[in-house]
Structures are given as structure tokens and as C-alpha cells.
Amino acid sequence: MINRRFLPLGLAAFMSFAVLLPLRLSAQTSPEAFLGFKVGADRKLADYGQIQAYFKKLDEESPKLALQVIGETTLKRPMIMAVISSEENMARLDQIRAVTKKLRDPRALPLAEAEKLAKEGKIIVLVTCSLHASEIAASQMSMELAYKLITGDTPFDAAAVLRDVVFLLVPSINPDGNQMEVDWYRKFLGTKYEGGSMPWIYHHYAGHDDNRDWFMGNLAETRAVTRVLYHDWLPQIHLDEHQMGSEEARLFIPPFMNPPVPNVQPLVWRGVNLLGANMAYDLQQRGFKGVEHGRSFTGWYIGAVDDTPWLHNVYGLLSEMASVRLASPIFIEPNEIPNSHTKKIMEFPDPWPGGWWRLRDLVDYELTLTFSLLRTAALHKEEFLLNSYKMYKNSVETVDSGQPYAFVIPAAQHDYPTMLKMLDVLQFGGVEIQRAAKDFTADGRLYPAGSFVVLMAQPYKPYAWALLERQKYPDIREYAGGPPVPPYDNAGWTLPLQMGVTCNQVEKPFAAELEKIDTVPFPDVTLPAGEPAYLVLDARANASYAAAFALLKDKAEIFRSKEKISGAGFEAAPGSFIVTNGPAVKKTLPGLLEKLHLKAYPLTDAVSIPKTSLKNPRIGLYQSWWANMDEGWTRYVFDDLGVPYVTIRNSDFKAPKTAAGTKAKAPTAAASSVTVDLKARFDVIVFAGEDYDLIKTGKVDPASPWARWFTPLPPEYEGGLEKEGVDNLKAFVEKGGILVTLNDACKLAIKEFEPPARNILEKVDSAKFFCPMSILRLTVDNTTPVGYGLPEMTPAVFTGSPALETWVPLTTDWDRKVVARYPESDILLSGWLLGADVIARKAAVVDTQYKKGRVILIGIACQARAQSHGTYKFLLNSLLYPGGE
Ligand SMILES: [Zn+2]
């Protein structure tokens with residue numbers, strides 16, 4: 001519900017609140033009275049419905065709090081945000097936001113005016129809670145925080161702080177996940193599984209990766225909060241509250257550790273450090289132990305919700321509390337605390353001795369650090385507002401060392417609709433984009449009218465720059481010549497490389513007639529005139545595959561060309577779709593082309609074109625019970641492109657159990673080990689990137705460093721494919737099925753099928769080869785089905801990926817085709833790569849034929865977090881394999 005008080009109010013309305021105030025104060029309901037338990041009590045959790053209802057109650061009871069709906073979650077829950085401030089401020093929120101907006105653009109605001117606005121303006125602070133739904137404490141704490149603020153039960157003069165601060169509080173930025181976690185916790189409360197992990201991801205598509213989406217905006221939740229951050233409210237400070245492991249520090253707060261993203265303005269880090277240091281001070285003076293900074297969490301990333309603010313000249317902070325088991329307390333023996341956290345060091349001056357650790361402890365730390373943040377924001381209000389202006393001024397006027405003049409996105413693109421999608425992503429992050437009205441020359445290169453230009457001189461310069469440039473991650477070692485220290489997440493993320501978009505960095509100023517675009521200029525697309533017999537959809541565009549799937553659903557006749565098609569005014573790549581122009585096509589295609597911003601080309605005769613027919617594939621996507629995020633992202637890509645699929649689980653690979661618990665034998669398979677005919681249900685089975693042992697046995701290798709993160713699952717979720725499932729999968733391929741394994745799941749194909757390929761990186765020493773999530777160069781054979789539509793040089797995301805060595809098959813059961821390989825040199829495009837020679841000339845994508853079927857090894861993250869649009873086609877081609885029977 002949108003609150004009336006959110007709207008600008010006249011003086012009369014304000015007066016009426018003032019008159020009612022004494023009554024309202026006495027009427028405010030505490031969380032304890034509302035929930036029936038104290039926030040953070042052992043084994044007690046409020047679910048999202050209760051949290052929402054409580055905030056609604058406060059909204060009704062207090063003039064200092066207004067509830068706003070900022071969007072809808074993936075599973076269609078309302079996302080709520082509480083706006084908390086003094087009554088005076090609540091009555092003029094629109095004016096306060098207008099001041100912030102003015103301060104963001106120094107091109108239209110002289111310093112003297114900015115100084116005046118900083119004096120009269122208010123600072124806007126955003127706090128977001130429990131993005132990672134199992135890190136649940138902050139979502140619970142938020143209720144008490146709001147209550148204490150509006151009733152003045154704070155370690156400072158709340159009225160004074162709320163005079164200067166407009167506080168935006170998002171009690172959960174993953175409401176769907178909050179509900180899942182609380183439901184799961186309640187279900188197993190009092191059993192041996194109490195407080196354990198769920199067998200599925202806590203965001204419908206992303207799980208923990210919902211904090212890797214903040215430049216891409218794939219998720220509804222990301223988009224809702226990004227609108228608050230960079231479009232609607234423009235807070236100067238943002239804190240995102242998380243949890244970490246249980247045994248080390250009690251709490252991490254900034255300063256962050258090295259390295260920093262180089263594009264961030266130093267004043268951002270200074271502000272972050274000031275706010276973090278004050279939190280640590282406020283916690284210490286109240287006796288909270290075990291607070292650390294400067295370790296564990298780096299300043300190098302762009303995809304997390306607290307990181308994109310740095311690049312938007314906003315103070316972005318992260319807090320990470322030591323976890324309990326959801327709401328169940330734990331006891332930590334002193335010897336269980338690692339050595340790194342038993343001694344006093346400057347980053348950790350007051351170690352925690354061990355003992356009981358409960359949800360309420362987390363709530364108390366979080367209340368204290370959040371209050372501290374608000375108080376520091378109020379203390380420095382005027383200065384922070386003016387500094388905000390100064391940072392935007394720097395972005396617009398100062399030329400930083402190494403700063404290019406612009407990035408140019410030429411009008412001619414390999415995949416034009418995907419380029420438009422990239423422009424949309426940039427605008428979503430607040431980046432200003434210009435379009436050239438006439439041809440121009442930059443760096444000696446001619447660009448046609450209609451090319452796009454991102455000038456670096458703009459308020460969000462650091463963000464645009466960091467997103468478009470190629471990252472060079474610093475070579476950091478444990479000691480000189482020793483093993484590399486891995487980055488927190490991506491070493492490189494360059495958006496144009498991930499999306500397969502040509503984007504050139506231009507160092508020197510150039511003259512061009514540029515117009516700023518307000519929205520992405522999607523072209524008008526219509527069917528070619530004259531009712532041609534066929535329509536061609538170019539395999540270079542991802543959108544063509546989306547159209548092909550939609551048309552196949554409508555029973556259209558579609559072929560894939562084996563060679564490139566040269567027609568009237570167009571040339572389409574090998575693998576392009578030739579659609580027979582029947583009645584269904586005439587009805588469906590115009591709408592599809594418009595939605596996908598895709599062009600279709602006319603073709604009068606297809607007889608002379610070598611081609612094979614396509615049928616609508618029956619696709620199965622494997623889902624383990626180990627909350628695999630890569631499976632979630634694969635589902636996202638499928639849903640986004642309209643790929644039809646069925647989720648298949650371990651039980652689908654095995655004969656159903658009879659009532660007595662013994663296996664039923666399939667009647668026709670008495671003599672063989674095959675118990676389920678997968679080929680009768682599917683043409684293609686896809687395994688998203690996942691650990692081989694988890695797929696095969698469902699058990700974590702106890703020697704793995706991750707083992708203690710995996711709590712045992714209830715019996716109905718135990719196990720993996722086992723031998724029976726693998727045997728049935730083999731029979732599926734032998735009969736003509738297509739098995740597709742992505743990234744680390746290639747190990748399943750390699751171990752169980754023994755194709756003429758192996759992973760040379762399986763046991764490689766990190767001192768010899770090391771490549772944290774980075775973008776590498778591939779050479780692609782785009783005349784072969786799995787490579788159709790890809791450019792010969794294709795950037796690809798490497799993350800825990802194999803590098804494949806292939807050989808001449810030993811029997812005629814097998815054949816293999818290398819689709820993509822690493823080149824001889826210049827492999828690294830963005831990020832960090834040690835030992836490039838180890839993978840030089842090795843294969844990344846191999847299409848093998850096994851008996852009547854295929855095993856396709858896609859040894860890169862071709863659909864990484866639904867960001868790497870540039871390599872989707874490896875997967876899409878495997879699904880729409882031409883002539884597959
Ligand atoms: Zn987290």
C-alpha cells in the first residue's frame with residue numbers, strides 16, 4: 001500500500017498530525033507486542049507476511065514512518081520500504097529528493113548554490129536487510145530498529161537525528177527467500193535438521209547470486225532497489241546487512257581490504273571508512289567484542305548491492321555478522337576459533353573468546369551499528385551533501401589518470417538486439433548515453449551516424465568506466481613468488497565483452513554531433529513486404545533463437561541453413577533459421593519481431609540452400625537438491641528467451657520405488673541395467689555447472705574445504721544420480737539423445753562417458769595456472785552446429801572451468817568436433833590469468849558424437865549469471881541442434 005503521507009502534504013495536513021501526535025505516540029505497537037515474542041528470541045522468526053504487517057501497523061500509528069511499495073518480487077510479493085524521518089521532513093519528501101537530484105548534476109549547479117542546498121538539504125540513508133535470505137537477523141532487527149527510531153528509544157537524540165536524516169529501510173530485499181527460509185525452519189524445528197540449509201536456492205533464479213546482479217538488473221528485486229538508489233531517491237549512504245561464517249570475527253564492517261576498484265573516487269573510500277570506524281567505535285564503547293575491518297571483504301567488485309554505490313559516488317557499506325543456525329543458538333568452543341581470530345591486531349583489537357552465540361546477539365550488534373550509521377550521517381550531514389556534489393563535479397570535470405574520453409558503440413554490430421539490451425542495462429545503472437546524428441571519426445576510425453557514445457564526463461563516470469573498460473586485476477600473492485590470493489568474486493566483468501558487443505575505448509577527445517538519448521531507441525521492425533515464401537532469422541542474434549522457439553511452439557516449419565545465406569540486401573550466418581512463411585507465422589511473427597527488436601529477411605527460394613529441419617526439442621534441465629545457482633540462472637535464461645523445458649531431478653533418472661521401498665523393474669528392460677527410458681521423454685538433457693560428486697552421489701567430499709557449509713538434508717532429498725541414473729543417461733544418448741554439460745558439470749560427461757576428451761586443469765597447481773572469474777578469448781568454428789552464429793573471436797567467461805585436450809577416438813562409437821578453443825596467445829581479455837600457456841590451443845567447447853547421440857561439453861560459463869549473452873549461443877545451438885532426431 002502506498003501511504004498517503006508519502007505524497008506531498010500541505011501545511012494543514014501537517015498541523016493535523018502535530019495535533020494528533022501525543023495520542024499516536026502512546027499507540028505505537030512494539031514488535032514484541034505485535035509478534036508475541038521478542039525480536040531475535042531463540043528459535044523464533046517473523047516471516048515476510050508478519051514483517052510486512054508490522055510495518056503496516058507502524059505506518060498507521062506513526063507520522064514519522066511511511067510505507068512504500070517499491071516493486072514486486074520475482075514470485076509477486078510486494079517489496080516494501082519504510083521511509084522514516086521527522087514529521088517536518090515527512091511532509092516535504094519531494095522537496096528533499098529534488099535537492100538531492102540537483103546536487104547530483106553539477107553541470108547545472110554552481111558551487112555557491114550547492115553550498116546553500118547542502119545547508120538546507122537532508123541526507124538520505126538507505127539500509128537494506130537480508131538479501132541473502134538465510135542471513136536472516138537483519139530482517140528481524142529491522143522491526144525493532146524502526147520502532148526504536150520512531151519512539152526515540154535510541155542511544156542518541158532521535159528527534160535531532162531524524163531532523164537531518166531521511167532514513168529508507170528495506171526490511172528484506174529478498175522477501176520470497178525470507179518466506180522460504182522461515183517456512184523451512186518452522187517445518188524442521190525440533191528435528192535433527194533444525195537450522196539446516198534448504199535443498200533449493202533462496203531466490204527463485206539466483207540464490208546467493210542475487211548479490212551478483214547489481215549491474216545487470218536481471219532480477220525484479222535488483223531493479224526495485226536500483227530505482228531507489230539511482231533514479232528515485234539517490235541516497236548518499238547505503239548499508240547492506242549480511243551474515244558470514246560462525247567461527248571467525250563476530251562482525252565485519254568497513255574499511256574494506258585491498259584491492260580497490262581503481263575507478264572509485266578516494267573520497268568515497270574516506271567516507272566509507274569514517275562511517276565504518278564510527279560504527280566500530282560505537283560498538284566498542286558499548287562492549288561489543290570481535291569486530292574486524294580491513295580483512296575478508298575487498299573493495300574490488302561491481303556486482304554486489306553495496307559495491308555499485310561506490311561507483312556512483314555513494315558511500316556503500318557492508319556489515320557481516322557471524323551466523324547462528326538461522327534462529328537456533330550455537331555454542332563455539334574457544335579452540336574452534338581459528339588462529340587468525342584469537343590475537344589482537346590493529347584490524348581486530350578485541351577478539352571474542354567463544355561461548356554461546358544467539359540470534360539476539362546479531363540483532364544487538366546490528367541495532368548498534370545501524371544507529372551509529374544514522375548518527376554519523378546526521379553529524380556530517382552538510383559536509384556529506386556538499387562532498388556528494390564535489391564528487392559529481394569531479395566526475396564531470398576532472399580527467400583522472402588513465403581516463404579515456406569516451407567509449408563508442410558502433411552502429412554495426414554482430415548481434416544488434418543484444419547491443420540494445422546492453423544500452424538498456426547501462427541506462428538502468430544511470431549511465432548517460434549519446435547517439436551520433438552524423439558520421440564521425442574517433443581515434444582514426446570512422447563511425448556511422450546512429451553509433452552510440454558513452455562520454456566519460458558524466459555524474460556516474462566511475463560506474464560507466466568500470467563497466468565498459470577491461471579489468472586488470474593486480475597480481476597479489478600470499479608472499480613473493482607464492483600462491484595467488486583469489487579475488488572476492490570476479491576479477492573481470494567487462495559488460496561489452498560478456499554481452500558480445502563491440503565497444504571501443506577512445507582515449508582522445510573527438511568532435512561529433514551527439515544527442516543524449518532518454519530511452520533506448522528500439523527500431524521499428526516489421527515483416528518484409530510482398531509475402532516471401534520464406535523468412536530468414538540471422539543466427540548471429542540471440543533473439544532469433546527466441547523467435548525460433550516461439551515459432552516451433554506454434555508448429556511452424558523451420559530449417560537451419562548449413563551455409564551462409566546471401567539474399568536481397570542481406571547476408572545471414574551459417575545456422576540461420578529459414579522459416580516457411582505459413583499462416584501461423586504471419587500471425588505470430590510480427591509481434592515477436594517487435595518484442596525482440598529483431599529483423600527478418602525475405603527469401604523466395606530455399607531449394608538451393610543446404611539445410612536440415614528443426615523440431616521443437618523436448619528439453620530436460622537437471623536440478624539437484626544442492627541449491628545450485630547455475631541451474632537457477634540457466635532457468636532464468638530459458639524463461640527469458642522462451643525456451644521450453646522440464647525440471648528433472650534424481651528420481652526422474654531412476655525407476656520409481658515401490659511401496660515397499662524396493663525398485664520396480666521396467667518391464668521391457670529385464671535383461672539390461674536400463675530402468676527408465678529417458679529418450680521417450682526428452683531430446684536434450686542439460687546439466688548446468690555443478691560439482692560432479694554432488695550430481696553423482698549427492699554427497700560432499702568430506703575433504704573438501706566447503707564440506708562444513710553443507711548441512712545434511714532430510715532423507716527425501718538425499719542421494720544423486722547414482723549408477724542407475726547414469727546408466728539410464730547413457731542409454732538416452734546411445735538412442736540419439738543430446739546430453740549437454742556446462743562448465744564444471746563437464747566432469748560428469750568426462751568421468752562417466754569417457755569421451756575422447758579430458759580436462760587438463762583437473763589437478764593443476766594454482767602456482768602454475770590460476771584464473772579467477774575472468775573473460776578469456778576463444779577462437780570459434782562457426783561453420784559447425786554448436787558454433788553457429790558466434791563470431792570467430794568470442795570472449796567467454798572462465799570460472800572454475802575445464803580446459804579440454806581431445807584426441808582421435810579409439811573406436812567408431814565416438815567422434816568429436818572442437819567448436820571453440822583458446823588461441824595461441826593473447827588469451828586474457830579482462831581479469832586475471834596466470835599460466836596462459838597451460839591452456840593455449842586447448843579446447844573449451846567440444847561437440848562429441850556417441851553412438852546415435854551426442855555429448856556436448858561446453859567448458860565455459862556460457863550463461864554466467866545471465867550476464868554473458870555473448871556466449872548463450874553455445875547452449876542455444878545445443879538445444880536447437882539441426883537434424884536432431
Ligand atoms: Zn550475504
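In this chain, numbering begins with 1 at the start of the sequence shown. Both ligands and their constituent atoms are indexed starting at 1 by order of listing.
- No side-chain donor-acceptor contact under 3.5 Å links Asn178 and Ser172.
- Between Tyr365 and the options Phe371, Phe252, Trp357, Trp352, a ring pair (Phe, Tyr, Trp, His ring centres under 6.0 Å) holds for only Trp357.
- Of all the N, O or S atoms in Glu135, the one closest to the Zn ion (ligand 1) is OE1.
- For the Zn ion (ligand 1), the nearest N, O or S atom contributed by His132 is named ND1.
- Because the distance cut-off is set at 2.8 Å, His208 fails to qualify as a neighbour of the Zn ion (ligand 1), as none of its N, O or S atoms comes that close.
- Ion pairing between a basic and an acidic side chain is recognised when a charged N comes within 4.0 Å of a carboxylate O; Glu144 and Arg360 show such pairing.
- In the model, Glu135 has no side-chain atom that pairs as donor or acceptor with a side-chain atom of Ser130 under 3.5 Å.
- Among heteroatoms of the N, O or S kind in His242, ND1 lies nearest the Zn ion (ligand 1).
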